[in-house]
Amino acid sequence: MARADVLTPQGVDFPRWYQDVVAKAELADNGPVRGTMVIRPYGYAIWERLQAEIDARIKAAGAQNAYFPLFIPESYFRREAEHVEGFSPELAVVTHGGGKKLEEPAVVRPTSETIIDSFLAKWAQSYRDLPLLINQWSNVVRWELRPRLFLRTTEFLWQEGHTAHATEAEAHEYALRILREVYEDTMVNVMAIPVLVGRKTERERFAGATTTWSAEAMMRDGKALQMGTSHELGQNFAKVFGISFSDESGQQAYAWQTSWGASTRLMGALVMAHGDDAGLRLPPHLAPVQVVVLAVRTEDGAGEAAEKLVLELRAAGLRAQLDNRTQLSFGRRVVDWELKGVPVRVELGPRDLAGGTAVVCRRDDGTKSPVPLAGVVAKAKELTGAVQESLLQQARHRLAQGTVQASTVADAIEAAQSGFAALPGPALRGGEGEDELNASGVSVRVLQRPDGSLPSPEESPDGLVAIVARAY
RNA sequence: CGGGGAGUAGCGCAGUUGGUAGCGCACCUGCUUUGGGAGCAGGAGGCCGCGGGUUCAAGUCCCGCCUCCCCGACCA
């Protein structure tokens, strides 16, 4: 029997493929208000795994979780000029409450610098109170003109870190530490997505920041996705919110700050970095179900053997699930699990049982092999490691293959139609080149040193390399 | 906001010169099936985006409005 397309093939229409996967893998639905999103149980389970990994790393970096209000006085936003300018167009503002017009409108947070900083100002009195390292998991609202599930929604979930330090150097170090030890590490080692880390250009940086650091990844259509950002805020917010403290010599000084965030957009990255024409391909570290045991039929002891196998897999520390829905056809169930990206599938029917084996299949490359029943747990364990590694290698290969060295803006624009281009900084001609790129729908994603390392905040683009691409 | 499309069952769509609302998938019931999206039989499901108009009669024609999608400018 010929295999019919389950999804619109990536090569035919990538955005359509993305929508198909999100719907058919039961990750999310559109909400009733434009731009809002319902994250379905399977999608939320993946997000919870991701959250746990990021949260653990944030705590390892010394930050503590807290929670600040959803509503922010409108006046707070007006205090930092660049910040208000950057966010005004996408604010949702509450003007009425309890049936009355509010004396001061409340902004629904699009980010929480202003409200958190107003409290950091109260908490920071002495240099002994610093650093203050706060993280919050929350929803935020930015009114979007062109929403896409996970990638750009009006309301989304994220974590936002906000810190205050005694010195600029310490804030700088901390912003980079988060970039490396929280974001890059999670993306590479958990999500199996290689990222390019670097500095944003002046025009791409966060509204109110002095420097923005970013981790960017390549999706399977060659476009870039910003995965997480870490900002150095200088003393911009400290000055307007009065985050000052007595330093060791008894002088009053303003704190140096950072802020950093990663959102449910990462779910979109997971789909677009690894997915294929059969659906999701989840890295085992994140998969809510790492191994599914599919009872082909339940007669002749096959059902019981499958149940037993699931218990053994769980005892070995794997997230395993039984599929004994024999009222559905075998093919349907296989297609379902492939759509959902489960890394390892074990097929067990009376025929296998009679031979003392099961068929073990890996999602990343579709290979199947018969394995003696007693060896299934070890094999599954081995494969979860192998699939994790293989997804990362495949993604690394695509990133390398999809990045070309360009010497002019025109070359870079050409290359960005299908992937990334590395463009020497001088070709940007102090922003003129960036204008040309932007006019063609291409942007500078990050600036790096020629050897791929991070530049300093001050280093001129002339000595750096611009990674340019079309972006989500 | 600029350009281009589309609103009919949960989803995807058809609906001719105006004449009682249709198909595929999904759903429900039963039987037969089950090693790559099963088959047969039966069944349920509709404010045809909203409001007006023309007409004996409007999903279809006319006017107005609303919404959504795609492409551009902004963005985690």
Side-chain angles (χ1 to χ4, degrees), chain A residues 1-8 13 15-16 19-20 23-24 29-30 32-35 85-91 109-112 138-148 150-160 183 200 203-207 209 212 214-217 224-231 259-269 278-279 294-299 302-303 323-339 345-355 357-359 361 366 368 370 438-441 443 445 470-472:
Chain A
M1 191 190 286
R3 219 186 256 213
D5 286 337
V6 173
L7 303 163
T8 305
D13 184 344
R16 181 72 181 271
Q19 289 185 337
D20 284 358
K24 291 201 168 189
D29 269 337
N30 279 301
V33 172
R34 178 180 165 78
E85 194 187 329
F87 279 102
S88 285
E90 38 188 0
L91 292 184
R109 64 176 164 229
T111 179
S112 302
S138 72
N139 59 338
V140 285
V141 168
R142 299 179 186 177
W143 218 258
E144 288 293 345
L145 303 176
R146 282 187 55 201
R148 295 187 64 184
F150 291 118
L151 300 174
R152 192 189 298 106
T153 48
T154 284
E155 179 190 8
F156 57 90
L157 307 183
W158 76 345
Q159 59 66 217
E160 48 177 325
Y183 297 146
K200 285 288 190 185
R203 80 179 57 175
E204 298 281 343
R205 80 184 173 208
F206 178 74
T212 288
S214 176
E216 304 272 333
L225 185 71
Q226 181 171 304
M227 304 274 284
T229 48
S230 185
H231 316 289
S259 72
W260 24 277
S263 72
T264 36
R265 166 177 272 192
L266 293 177
M267 294 289 293
L294 199 155
V296 180
R297 305 171 63 140
T298 49
E299 300 96 274
D323 179 357
N324 59 0
R325 300 171 298 166
T326 50
Q327 68 277 15
L328 297 179
S329 74
F330 172 78
R332 159 54 66 114
R333 291 188 285 155
V334 167
V335 164
D336 277 353
W337 292 115
E338 284 179 346
L339 273 169
R345 185 176 71 247
V346 179
E347 300 171 0
L348 180 60
R351 242 148 63 189
D352 306 291
L353 194 58
T357 64
V359 177
C361 320
K368 300 183 176 196
N438 292 358
S440 300
S443 55
R445 305 316 305 158
R470 290 183 303 148
Y472 278 98

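Just so we're clear, the structure is a prediction, and the values are computed from it rather than from any experiment. Letters A, B, ... are given to chains in the order of the sequence lines, protein chains preceding strands, and every chain is numbered from 1.
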Tell me what [X] touches on the nucleic acid: a base, only sugar-phosphate, or nothing, going by heavy atoms under 4.0 Å.
{"X": "A/L266", "answer": "nothing"}
{"X": "A/D352", "answer": "base"}
{"X": "A/T153", "answer": "base"}
{"X": "A/R345", "answer": "base"}
{"X": "A/P350", "answer": "base"}
{"X": "A/E347", "answer": "base"}
{"X": "A/V359", "answer": "base"}
{"X": "A/G261", "answer": "nothing"}
{"X": "A/L328", "answer": "base"}

Mind checking who B/A14 pairs with, Watson-Crick or G-U wobble, both distances under 3.5 Å?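 Across all strands, not a single nucleotide pairs with B/A14.
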
Nucleotide opposite B/U60 in a Watson-Crick or G-U pair, distances under 3.5 Å: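 With both distances under 3.5 Å required, B/U60 matches none.
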
On the nucleotide B/G35, are OP1 or OP2 found under 4.0 Å from the side-chain N or O atoms that A/R351 carries?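 Checking A/R351 against B/G35: no side-chain N or O falls below 4.0 Å of OP1 or OP2.
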
Which whole-number value in Å describes the distance from [X] [atom1] to [N] [atom2]?
{"X": "A/L151", "N": "B/C70", "atom1": "CG", "atom2": "P", "value": "12 Å"}
{"X": "A/R470", "N": "B/A73", "atom1": "CZ", "atom2": "P", "value": "12 Å"}
{"X": "A/R205", "N": "B/A76", "atom1": "CZ", "atom2": "P", "value": "13 Å"}
{"X": "A/Q327", "N": "B/C28", "atom1": "CD", "atom2": "P", "value": "10 Å"}
{"X": "A/L348", "N": "B/U34", "atom1": "CG", "atom2": "P", "value": "17 Å"}
{"X": "A/W143", "N": "B/C75", "atom1": "CH2", "atom2": "P", "value": "19 Å"}
{"X": "A/R152", "N": "B/C70", "atom1": "CZ", "atom2": "P", "value": "10 Å"}

A/R109 and A/T111: side-chain donor and acceptor closer than 3.5 Å?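 Judged by distance alone, the side chains do not pair up.
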
Test item: side-chain donor near acceptor, A/N324 and A/T298, under 3.5 Å: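 Checked: A/N324/A/T298 side chains show no N/O donor-acceptor pair below 3.5 Å.
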
Would A/F330 count as stacked on B/G36 if the rule is ring centres under 5.5 Å and plane angle under 30°?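 No, A/F330 does not stack on the base of B/G36.
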
Is it the case that atom CD in A/E85 sees more than 12 heavy atoms from other parts of the structure closer than 6.0 Å?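 Incorrect, the count does not exceed 12.
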
Under 4.0 Å between a Lys/Arg side-chain N and an Asp/Glu carboxylate O for A/K24 and A/E338?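 No.
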
Hey, does the side-chain of A/K368 have a donor or acceptor N/O within less than 3.5 Å of a partner on the base of B/G35?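 No, the side chain and the base share no sub-3.5 Å donor-acceptor pair.
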
Tell me whether the side-chain N or O atoms of A/R333 pair up with the base of B/G35 as donor and acceptor below 3.5 Å, since no angle test is needed here.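 Side chain to base: no pair present.
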
